[in-house]
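Proteins come first, then strands; the chains are lettered A, B, ... in the order of their sequence lines, and each starts at number 1.
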Amino acid sequence: MAQKDRTLLAVIGDEDSVTGVLLAGVGHVDERQKKNFLVVDSKTQVSTIESAFQEFTERKDIAILLINQHIAEKIRPTVDKYTQAFPALLEIPSKDHPYDPSKDSILKRVQKLSGD
Amino acid sequence: MSGTGPREAVFPTRQALTNTKLRLKSAQNGHSLLAKKRDALTMRFRAILRKVDEAKRRMGRVMQLASFSLAEVTYATGANSIAYLVQEQAKSATFRVKSRSDNVSGVILPAFESDRTAGSDFNLTGLGRGGQQILKAREVYAKALETLVELASLQTAFMILDDVIRATNRRVNAIEHVIIPRLDNTVKYILSELDEADREEFFRLKKVQGKKKRDAEQAELLRKALMAEEGLDPNVAPKVPDAVEGFGADDEGEPRSTDLLNSKDEDVIF
């Protein structure tokens, strides 16, 4: 399966989250100088976040995409439309924004389905 | 008779009937098999659902712990955070995932496993201040990531199962509401056509029998009339003259009158 080639994680998050994740060894720069992480701060444009999201979900070597929940909020429509199985999309909390299950788009699908 | 509604286009023969019955049987088998598969998958699905839910909540707590340890690092290394350094250091990922295929009642589900290679990023930990904290933070984050990887596996399994269950459900419904009624209608149609053909046959037979009977009666009447004309006893069956006995006298001594030219057929006009 093509999933054998998916070995990397990717992260779109605020500085602290990205630092922590990178510290664990997730960071990767490929031969085209493309990184698998994006640091989002208050000055980052929504379009930048959108295009990074698109890029990471289209890459064939990324297995899991981590995104801070409050950043996912900014591109909520795009995230809600995301239905691919790979890369797996995971919403993680950040230091200032604890995890809120009611906003998680995956959990919303779960709730919708467990309701029927 | 029912048989209205969509049915297959077949000639209503007995062989077609056998064929259609066979197909109906296998459609029913397929339906029950698929329904079983769908139920098994749904059970699995609900189990995973619960696991996903609680794993996500656990993750919230784990990530909080991790960010505390990172805060400690910042505290230990002084005002500057190590963010910039860490970002520059990232060249080749040491924390990767391996994918594994699980087979769950016929559905292939991928699962992720954390795969850590011994990294070359120890230059950070040699920092005079905070080397210890950085090491600790790394470990905490690594643990957190492992939880996240598990969670991601569960999540993908969940989404794939969801798709498969939907597809199976569609097939079950299709068989139940489209294919089986069609085959049913076909069987009923063939049966009704065969029955009607039987009835027609029976009716025809009866008619033919009736006609034969009438013909026989008429022939009998004609014979009696002829014999009365000839003066013979109509109740005695006429002896067929054979070559030896010839055309002489019969048993009673009377000349047998089988003069063909004189005897008339009733419906001869001239």
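Of the atoms belonging to B/V140, not a single heavy atom falls under 4.5 Å from chain A. Heavy atoms closer than 4.5 Å to chain B are found in both the backbone and the side chain of A/I92. At a 4.5 Å heavy-atom cutoff, A/L65 makes no contact with chain B through either its backbone or its side chain. With a 4.5 Å cut-off on non-hydrogen atoms, B/L148 touches chain A through its backbone and its side chain both. For B/Q64, no part sits under 4.5 Å from any heavy atom of chain A, backbone or side chain.
In plain terms, the two heavy atoms of A/A24 and B/F95 that are nearest each other are O-CB, 3.7 Å. A/G20 approaches B/L70 most closely through the heavy-atom pair N-CD2, 3.9 Å. Counting all heavy atoms, side chain and backbone alike, A/L23 lies closest to B/R138 at O-NE, 3.0 Å. Of all heavy-atom pairs between B/K56 and A/E91, the closest is NZ-N, 4.3 Å.
For the set B/L151, B/I165, B/I160, the count of heavy-atom pairs under 4.5 angstrom toward chain A peaks at B/L151. Ranked by heavy-atom pairs under 4.5 Å with chain A, the first of B/A152, B/A144, B/A66 is B/A152.
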Side chain to side chain contact (heavy atoms under 4.5 Å, CB included) between B/L145 and A/L66, worked out: CA-CA 10 Å; B/L145 276 182; A/L66 304 168; 3.8 Å; yes
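Between the OG atom of B/S114 and the CD1 atom of A/I64 there is a distance of 8.0 Å, given to the nearest 0.5 Å. Taking CE of B/M63 as the start and OG of A/S17 as the end, the distance is 6.0 Å to the nearest 0.5 Å. Taking CG from A/L90 and OG1 from B/T156, the interatomic distance works out to 9.5 Å, rounded to the nearest 0.5 Å.
Listed for the B/Q155 side chain is no donor-acceptor partner under 3.5 Å among the backbone atoms of A/A88.
B/R44 CZ: 12 or fewer foreign heavy atoms inside a 6.0 Å radius. When the shell of 6.0 Å around CZ of B/R50 is examined, it contains 12 or fewer heavy atoms from other residues, nucleotides or ligands.
Contact of the B/K98 side chain with the A/T7 side chain is not registered, since no non-hydrogen atoms from C-beta on lie closer than 4.5 Å.
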